[in-house]
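Beneath this line is the structure, given in structure tokens, with notes to follow.
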Amino acid sequence: MTSILVDKNKCCRDRLCIVECPLQILEEDANGFPTLVGENKNRCINCGHCIAVCSSSAISLNSKSAVEYEKILPELIPSKESVAHLIKSRRSIRHYRKTPLDKETIEYLLDIVRWAPSASNRQPVNWIVLTNRKALNKIAEFVVEWMKESGAMPGLLNIWESGYDCIFRGAPNLLIAYAGEKNLNPSIDCSIATTTFELAASAMGVGCCWAGIFMMAANMYSPILEYLEIPEKHKIFTALMLGYPSLKYSRIPDRNSNNVRWLEN
């Protein structure tokens, strides 16, 4: 059960937390202070919007006071030009240095991703990080077995058998996101979290590429799920190859124009 406490000595009763609450479960008490009562205590999703919008730091959520939360620092928010350049300059990296990423770098990026949005703030995403080529080679063997048994992608199978790693592109690390299938939108939640990771990684000079061939095989070939110890009723939804790029890029290629319909009436 969620606990929201209001310091009445700090609260300015501006109703911003009541207005901002996504589920509209905060109410005014007889003196105009926000409160969480009755069944509403079971409906709170702990999103923290009330904490975020309260400029007087009057709210405590689950015994953690507002002053214990990290402050938003406008000077650290990148400009729209910086964000646009980061997104446009991001590349899907398919050529990597052999040196794997250190654990601290991956942990730093995963910690950022905790703030990626998820349906009803369920935060259902689980991660697996593969840190050595031996493990990646074992999974690649499973993928090849799946291709042979299913007859899928014979062209890629020929490329693999010619000696080129078309499955993981020689990446030293693999990041896998999985979630329980009964969550509200596990596929979308994993995709948002993985995309957030990829953009944050790009800002740190870390290269990523979505491991599409692996993802295709993963949930169709039980030896992969068993090797990775994916729990029952869970599914792998996304995966990224990770590593430091071995090539540098100096230009931003074109993309198709948006196909947009504006419905204004």
What side-chain donor-acceptor pairs closer than 3.5 Å can you find for residues 60-70, not counting sequence neighbours?
unit_1, atom_1, unit_2, atom_2, d
Asn62, OD1, Ser3, N, 2.8
Asn62, ND2, Asn46, OD1, 2.7
Ser65, OG, Glu68, OE2, 3.1
Glu68, OE2, Ser65, N, 2.9

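Judged by a 6.0 Å distance limit and a 45° cone about the ring axis, Arg169 is not positioned over the six-membered ring of Tyr96.
For CD of Glu232, the number of neighbouring non-hydrogen atoms (other residues, nucleotides, ligands) closer than 6.0 Å is 12 at most. Sparse packing is recorded around CE of Met220, with 12 or fewer heavy atoms of other residues, nucleotides or ligands lying under 6.0 Å away.
Other members of the cluster containing Leu73 are Leu76, with ILVMFWY side chains joined at under 4.5 Å, either directly or via other members.
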For this session: Check the pair Tyr227 / Phe142 against ring-ring contact (aromatic ring centres under 6.0 Å, His included), numbers first and verdict last.
Result: CA-CA 9 Å; Tyr227 180 80; Phe142 285 135; 5.8 Å; yes
For this session: Let me see the working for Ile59 and Leu5 under side-chain contact (heavy atoms from CB on, under 4.5 Å), right down to the final yes or no.
Result: CA-CA 6 Å; Ile59 296 177; Leu5 300 177; over 6 Å; no
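Not a single donor-acceptor pair under 3.5 Å links the side chain of Asn173 to the backbone N or O of Pro100. Side chain of Asp189 to main chain of Gln123: no donor-acceptor pair is present (N/O by atom type, distance under 3.5 Å, no hydrogens or angles). Of the possible donor and acceptor atoms, none in the side chain of Thr105 sits under 3.5 Å from a partner among the backbone N and O of Leu101.
With a 4.5 Å cut-off on side-chain heavy atoms, Leu263 and Arg261 count as touching.
When all heavy atoms are compared, the tightest approach of Gly205 to Tyr244 is O-CD2, 3.7 Å. Minimum heavy-atom separation, Arg133 to Ala171: NH1-O, 2.7 Å. Closest approach of Phe168 to Ala211, counting heavy atoms only: CE2-CB, 4.4 Å. Nearest heavy atoms, Tyr221 versus Glu145: OH-OE1, 2.8 Å. Minimum interatomic distance between Ala193 and Ala116 (heavy atoms only, all atoms of both residues): CA-CB, 4.0 Å.
Counting only N and O atoms by type, the side chains of Arg90 and Ser92 include a donor and acceptor under 3.5 Å apart. No side-chain donor from either of Glu181 and Asn183 sits under 3.5 Å from a side-chain acceptor of the other. Residues Ser79 and Ser82 bring a donor and an acceptor atom of their side chains to less than 3.5 Å of each other.
Every residue two or more places apart in sequence or in another chain that forms a side-chain contact (heavy atoms from CB on, under 4.5 Å) with Ser222 is listed here: Glu226.
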